[in-house]
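Heavy-atom basis, side chains included; hydrogens, waters and symmetry copies ignored.
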Amino acid sequence: MISWTSPRVLTLAATLCLTACAGTGSSGPGACPPWPVAGPAVAAELERLPPAEYPATWGWIERLARLRDQLQVCRARPTDG
């Protein structure tokens with residue numbers, strides 16, 4: 001079983017969060033990061049995870065969906081520049 005407080009898991013989570021904040025060479029100040037697309041392989045795996053048995057995972061996926069929506073709003077805003 002995975003311990004969500006283990007150093008390895010916490011390091012992975014921090015790395016994922018920080019890489020989402022990192023800019024790319026073509027992004028300017030205030031630019032929104034790109035949204036990573038999961039793709040068909042991830043979709044196939046998720047089809048095998050029943051929400052009733054993995055409520056935390058599906059809750060996290062719902063939060064990711066809300067973040068995606070927020071990023072779309074962010075991208076639609078005019079930039080100062």
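Distance CD/Gln72 to CG/Leu67: 10.0 Å, rounded to 0.5 Å. How far CD of Glu45 is from CD of Glu47: 10.5 Å, rounded to the nearest 0.5 Å.
Asp69 has its side chain out of reach of Val73: every pair of non-hydrogen atoms, C-beta onward, lies at least 4.5 Å apart.
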